Amino acid sequence: MLRIGLVMLQGARHAHIAALVAAADVSEIDLEVIELRTPDDLQVTDLDGIVFPGGETTTMRLTGGPEGNGLLPALFEWLRANPGCPVLATCAGAILLADPQDGGEPLIDATVSRNAYGNQADSFQADLRINGLDEPKSASEFPGVFIRAPRYDAVGDDSTITATHDDEVVGIRCGNRMALAFHPELSDDRRFHRWLLETAQSVRT
Ligand code: GLN
């Protein structure tokens with residue numbers, strides 16, 4: 001049984017659950033999704049992987065920050081203590097990993113700018129090129145859904161590029177942390193969720 005923690009602060013959480021369930025089915029993996037709502041939820045069980053959904057970082061920092069329920073600083077510390085734990089972070093999740101604002105080190109080697117494509121009206125869909133997903137369709141197209149997406153300003157040496165839109169980086173992997181500017185859970189292509197589950201499986205065994 002693979003236990004994947006899902007950060008329940010905001011955003012497309014239920015779409016991530018549906019994507020994880022579908023990916024687990026294809027990969028023939030027994031899955032339990034653990035909903036992470038408070039710092040205590042990180043202590044309850046051994047987690048094999050984390051999904052960090054999008055949303056609004058301003059809201060997430062308020063509700064999950066030190067003045068809120070404290071989930072974010074607890075999660076960032078947990079991730080620093082478990083550096084090999086696979087993470088799939090989308091959009092706002094990727095912003096928070098790059099800029100945790102908890103006084104500690106960033107959790108991915110990249111810098112991003114929020115809302116850098118413009119406002120809600122500038123949300124868009126586009127075919128992406130993806131790299132390095134370990135299955136036959138790798139290095140092919142992926143349907144990218146961008147919603148008030150961030151842009152990568154700089155990608156450090158510890159990161160590899162996993163998705164591009166035209167020539168622009170829209171996804172990176174830093175160790176076992178995949179940080180995407182788009183929303184794979186809102187398309188029906190499950191390859192990033194399968195990557196998370198299969199990486200989690202291989203880390204555990
Ligand atoms: N615009 C959001 C932010 O800056 C991120 C959008 C998203 O997660 N879809 O926090």
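Whatever order the structure lists them in is the order used to number ligands and atoms, beginning at 1. In this text, all values refer to a predicted model and were calculated from it rather than measured experimentally.
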Table please: side-chain donor-acceptor pairs of residues 82-93 below 3.5 Å, with sequence neighbours left out.
from	atom 1	to	atom 2	distance (Å)
N82	ND2	W78	O	2.8
T90	OG1	H16	NE2	3.4
T90	OG1	G54	N	3.2

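When all heavy atoms of R80 and E77 are compared, the closest pair comes out as NH1-OE2, 2.8 Å.
An N or O contact shorter than 3.5 Å links R148 to ligand 1 by distance. The shortest N or O to N or O distance between A149 and ligand 1 is not below 3.5 Å. The distance criterion of under 3.5 Å between nitrogen or oxygen atoms is not met by C91 with respect to ligand 1.
For atom 1 (N) of ligand 1, the closest non-hydrogen atom of the protein is N115 OD1, 2.5 Å. Of the protein's heavy atoms, R114 NE, 2.5 Å lies nearest to atom 4 (O) of ligand 1. Looking at atom 5 (C) of ligand 1, its nearest protein heavy atom turns out to be G55 O, 3.2 Å.
Between E56 and R148 there is a salt bridge, since a side-chain N of the basic residue sits under 4.0 Å from a carboxylate O of the acidic one. A salt bridge between R3 and D48 is absent, with no side-chain N of the basic residue lying under 4.0 Å from a carboxylate O of the acidic one.
Under 3.5 Å, the side chains of S27 and R194 contain a donor-acceptor pair of N or O atoms.
Within the 4.0 Å heavy-atom shell around ligand 1 one finds H183.
Residues F124 and H165 bring their aromatic ring centres within 6.0 Å.
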